[in-house]
Novice: 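Provided herewith is a single structure, encoded as structure tokens, for subsequent inquiry.
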Amino acid sequence: MILVTGGAGFIGSNFILDWLAESDEPVLNIDALTYAGNTENLASLAGDDRYVFVRGDVCDRPLLDSLFATHAPRAVVHFAAESHVDRSIHGPAEFIRTNVEGTFTLLEAARSHWSNLPDAERQAFRFLHVSTDEVYGTLARDDAPFCETDTYEPNSPYSASKAASDHLVRAWHHTYGLPVVTTNCSNNYGPFHFPEKLVPLMIVNALARKPLPVYGDGLQVRDWLYVKDHCAAVRLVLARGQIGATYNVGGWNEKPNLEIVGTVCALLDEMQPHPDGSYAHLITHVPDRPGHDRRYAIDARKIERDLGWRPAETFESGLRKTVRWYLDSADWLARVQTGAYRQWVSANYDQRGA
Ligand code: NAD
Ligand code: DAU
């Protein structure tokens, strides 16, 4: 079996659903179920004996040791993290704990398990670390996209904590020989995305006829990738990635935020028109994110050349599927907008006047 961390979050739950749709190899999911973890994402696996869930923290070494001893996974796919840049600005401590200390603890538990395996299993073992393009910092308009050999220049507490975790993973390979691979991916969007992030927040607010808060001038650029394409890349890197290597994963799809929000509004206008007129009228510019990175772009030629990965979805097809999913998932959306969610929205947006 494989051990997945953070499998109740956005990307992790898509990964597990796709994994079990494509293979019969069981999955052990360890997730602390923070505000971002939601077992409902995996409700379709109820009664499936290929899926085991353990509520637990990646900082809990005794728990990790006992899970490695009991289940003897052949690989670890490490998604668990604090993932939201704005939350890292409001409260960085949890990002250091989970992203740095948690990755360290998981690496040590994996190393202890791996070093006691028989030769063949030791060679086959993999530790796949899921990371982000944000570790490379920000790009000017005409800079070349990020490639794997670029220097790390993280700018937010979130990206600094992910950069630290990438360095630990690298060092555990270099020093101890742990067979690691790392992926650095751009902005995902798709089903089960928690509505604190740009795309789902805009959908949720638009449907509630609330302002659509665009930070600053809205001309910051991100590269966007449909989550299932990211999951396919992770499966491929796990199967065939070179030990010790890193792979940049992206959609060749750079867009300014205002265009993303405009496209979401246009899709909603088409799929669920509102009598008061276009959702785009709700767009509101609000004070910017401190230290806001201006542009990210990914050079994904290495993973394409070495492993044959290309995204299957275009931005248009992926975003259409995503908006459809949210329109069809009103119950899921209502249930994730708990009191804690409303507190976060108030903490991040009231001061911005939105
Ligand atoms: P998410 O916030 O939706 O999910 C994170 C999951 O980790 C949640 O289920 C949460 O309960 C769990 N978790 C948090 N702290 C934990 C702990 N201490 N122990 C165990 N579980 C814990 O995040 P996501 O968007 O699914 O991102 C998953 C990974 O992918 C992260 O490592 C993130 O840095 C990386 N990533 C995300 C994106 C993106 O666009 N979302 C892009 C590139 C890379
Ligand atoms: O690049 C990969 C990263 O993408 C991942 O590592 C992170 O985990 C993930 O959260 C995401 O980070 P971003 O900061 O790019 O995503 P977010 O959805 O928070 O914001 C996308 C852009 O939209 C960013 O430029 C900020 C802007 N934005 C965001 C929110 C929430 C707004 O203008 N208004 C908003 O209300």
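Here, residue 1 is the first one in the sequence, and each next residue gets the next number. What's counted below: heavy atoms across the whole structure, side chains too, no hydrogens, waters or symmetry copies. Keep in mind that this is a model prediction, so the values were computed, not measured.
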Novice: Is there a side-chain contact (heavy atoms from CB on, under 4.5 Å) between Tyr35 and Glu82 once you walk through the steps?
Specialist: CA-CA 10 Å; Tyr35 79 91; Glu82 288 293 332; 3.8 Å; yes
Novice: Is there side-chain contact between Lys228 and Asp18, with heavy atoms separated by less than 4.5 Å?
Specialist: yes
Novice: So does Lys210 have more than 12 non-hydrogen atoms from other groups sitting under 6.0 Å from NZ?
Specialist: no
Novice: Verify side-chain contact (heavy atoms from CB on, under 4.5 Å) between Leu236 and Arg240, making sure each step is shown before the conclusion.
Specialist: CA-CA 6 Å; Leu236 205 54; Arg240 304 217 321 265; 3.6 Å; yes
Novice: Is a side-chain N or O of Trp172 found less than 3.5 angstrom from the main chain of Phe104, in a donor-acceptor match?
Specialist: no
Novice: Side-chain donor-acceptor pair under 3.5 Å between Lys197 and Ser83, yes or no?
Specialist: yes
Novice: Roughly how far, to the nearest 0.5 Å, is the CD atom of Gln220 from the OH atom of Tyr296?
Specialist: 10.0 Å
Novice: Show your reasoning for whether salt bridge (Lys or Arg N to Asp or Glu O under 4.0 Å) applies to Arg294 and Asp217.
Specialist: CA-CA 11 Å; Arg294 194 67 182 165; Asp217 62 8; 2.7 Å; yes
Novice: Counting heavy atoms not belonging to Gln242, are there more than 12 under 6.0 Å from its CD?
Specialist: no
Novice: State which residue, out of His167, His129, Glu108, His78, fulfils the side chain to side chain donor-acceptor pair (under 3.5 Å) condition with Thr103.
Specialist: His78
Novice: Is a side-chain donor or acceptor of Asp229 paired with a backbone partner of Ala312 at a separation under 3.5 angstrom?
Specialist: yes
Novice: Tell me whether Ser88 contacts the main-chain N or O of Tyr158 through its side chain, where contact means a donor paired with an acceptor under 3.5 Å.
Specialist: yes
Novice: From Tyr349 OH over to Glu196 CD, what is the distance, rounded to the nearest 0.5 angstrom?
Specialist: 8.5 Å
Novice: Counting N and O atoms only, with roles assigned by atom type, does the side chain of Asn205 sit under 3.5 Å from a partner on the main chain of Leu212, one being a donor and the other an acceptor?
Specialist: no
Novice: Side chains of Leu139 and Val221: closer than 4.5 Å at any heavy-atom pair?
Specialist: no
Novice: State, with a plain yes or no, whether a side-chain heavy atom of Leu207 is found less than 4.5 Å away from one of Tyr279.
Specialist: yes
Novice: Can you name the closest pair of heavy atoms from His113 and Ala72 and give their distance?
Specialist: CE1-CA, 3.7 Å
Novice: With a 4.5 Å cut-off on side-chain heavy-atom distances among I, L, V, M, F, W and Y, is there a chain of contacts connecting Phe194 to Leu33?
Specialist: yes
Novice: Give a yes/no verdict on a cation-pi contact between Arg222 and Tyr189, requiring under 6.0 Å between NZ or CZ and the six-membered ring centre and an angle within 45° of the axis.
Specialist: no
Novice: With a 6.0 Å cut-off on ring centres, are Phe68 and Trp114 close enough?
Specialist: no
Novice: Quick check against the 3.5 Å criterion: does Asp299 have a side-chain atom that pairs as donor or acceptor with the backbone of Phe146?
Specialist: no
Novice: Rounded to the nearest 0.5 Å, what's the gap from CG on Leu258 to CD1 on Ile283? Could you check?
Specialist: 6.0 Å
Novice: Side chains of Pro213 and Met202: does their closest heavy-atom pair fall under 4.5 Å?
Specialist: yes
Novice: Might you point out which heavy atoms bring Leu225 and Val249 nearest each other, and give the distance in Å?
Specialist: CD2-CG1, 3.7 Å
Novice: Does a donor on one side chain and an acceptor on the other come within less than 3.5 Å for Tyr136 and Asn248?
Specialist: yes
Novice: Donor-acceptor pair, His274 side chain versus Asp276 backbone, under 3.5 Å?
Specialist: yes
Novice: For side-chain contact (heavy atoms from CB on, under 4.5 Å), just list the numbers for Arg170 and Thr182, CA-CA rounded to whole Å, side-chain angles, deciding distance to a tenth of an Å, and then say yes or no.
Specialist: CA-CA 8 Å; Arg170 177 191 155 88; Thr182 296; over 6 Å; no
Novice: In the single-linkage hydrophobic clustering (I, L, V, M, F, W, Y; side-chain heavy atoms under 4.5 Å), do Leu128 and Met1 co-cluster?
Specialist: no
Novice: Of all the heavy-atom pairs spanning Tyr247 and Lys302, show the shortest one and how long it is.
Specialist: CE2-CE, 3.9 Å
Novice: Check the pair Lys162 / Glu134 against salt bridge (Lys or Arg N to Asp or Glu O under 4.0 Å), numbers first and verdict last.
Specialist: CA-CA 8 Å; Lys162 290 296 290 188; Glu134 300 202 9; over 6 Å; no
Novice: So, the side chain of Thr284 versus the backbone of Leu282: is there a donor-acceptor pair under 3.5 Å, distance only?
Specialist: yes
Novice: Hey, does the Lys NZ or Arg CZ of Arg320 hover above the aromatic six-ring of Phe315, less than 6.0 Å from the centre and inside 45° of the axis?
Specialist: no
Novice: Using a distance-only test with no angle check, is there a side-chain donor-acceptor pair under 3.5 angstrom linking Ser278 and Asp269?
Specialist: yes
Novice: For a 4.5 angstrom cut-off between non-hydrogen side-chain atoms, does Ile11 reach Cys231?
Specialist: yes
Novice: Counting C-beta onward and ignoring hydrogens, is there a side-chain heavy-atom pair between Val85 and Ile89 closer than 4.5 Å?
Specialist: yes
Novice: Between Leu17 and Ser44, is there a side-chain heavy-atom distance shorter than 4.5 Å?
Specialist: yes
Novice: Closest approach of Thr138 and Arg295, non-hydrogen atoms and distance?
Specialist: OG1-N, 3.3 Å
Novice: Please check if atom CZ in Arg305 has more than 12 non-hydrogen atoms from other residues, nucleotides or ligands closer than 6.0 Å.
Specialist: yes
Novice: So do Trp332 and Asn38 actually touch side chain to side chain, heavy atoms under 4.5 Å?
Specialist: yes
Novice: Look only at the side chain of Asp60 and the backbone of Asp57, and say whether a donor-acceptor pair between them is shorter than 3.5 Å.
Specialist: no
Novice: Distance from Thr39 atom OG1 to Leu45 atom CG, nearest 0.5 Å?
Specialist: 11.0 Å
Novice: Indicate whether any N or O donor in one side chain lies under 3.5 Å from an N or O acceptor in the other, for Asn188 and His193.
Specialist: no
Novice: Taking all non-hydrogen atoms of both residues, which atom of Tyr226 and which atom of Gly318 are closest, and how far apart?
Specialist: CE1-O, 3.6 Å
Novice: Flag this pair as yes if the NZ/CZ of Arg352 is under 6.0 angstrom from the six-membered ring centre of Tyr215 and inside a 45 degree cone about the axis; otherwise no.
Specialist: yes
Novice: Does a side chain donor of either Asp166 or Ser131 reach within less than 3.5 Å of an acceptor in the other side chain?
Specialist: yes
Novice: Please check: side-chain N/O of Arg74 versus main-chain N/O of Phe125, any donor-acceptor pairing under 3.5 Å?
Specialist: no
Novice: Are Leu20 and Val227 connected in the hydrophobic side-chain network, where two residues link if heavy atoms are under 4.5 Å apart?
Specialist: yes
Novice: Are there over 12 heavy-atom neighbours, none belonging to Arg335, within less than 6.0 Å of that residue's CZ?
Specialist: yes
Novice: Would you sort out whether Val130 and His230 count as a side-chain contact (heavy atoms from CB on, under 4.5 Å), showing the intermediate values?
Specialist: CA-CA 10 Å; Val130 179; His230 183 193; 3.9 Å; yes
Novice: I would like to know whether Arg87 and Glu94 meet salt bridge (Lys or Arg N to Asp or Glu O under 4.0 Å); could you show each step before the answer?
Specialist: CA-CA 9 Å; Arg87 287 189 192 250; Glu94 206 50 33; over 6 Å; no
Novice: Tell me whether His174 at atom NE2 has more than 12 heavy atoms from other residues, nucleotides or ligands lying less than 6.0 Å away.
Specialist: no
Novice: To the closest 0.5 Å, what do you measure between CG (Leu219) and CG (Asn257)?
Specialist: 8.5 Å
Novice: I'd like to know if the side chain of Asn29 reaches the main chain of Gly7, judged simply by a donor and an acceptor atom lying under 3.5 Å from each other, with no hydrogens or angles considered.
Specialist: yes
Novice: Is there a path of hydrophobic side-chain contacts, each under 4.5 Å between heavy atoms of I/L/V/M/F/W/Y residues, joining Phe95 to Val135?
Specialist: no
Novice: More than 12 heavy atoms of other residues, nucleotides or ligands under 6.0 Å from CZ of Arg289: yes or no?
Specialist: yes
Novice: Any luck finding a side-chain donor-acceptor pair between Asp350 and Ser346 under 3.5 Å?
Specialist: yes
Novice: State, to 0.1 Å, how close Asn41 and Ser13 come at their nearest heavy-atom pair, and which atoms those are.
Specialist: ND2-OG, 3.3 Å
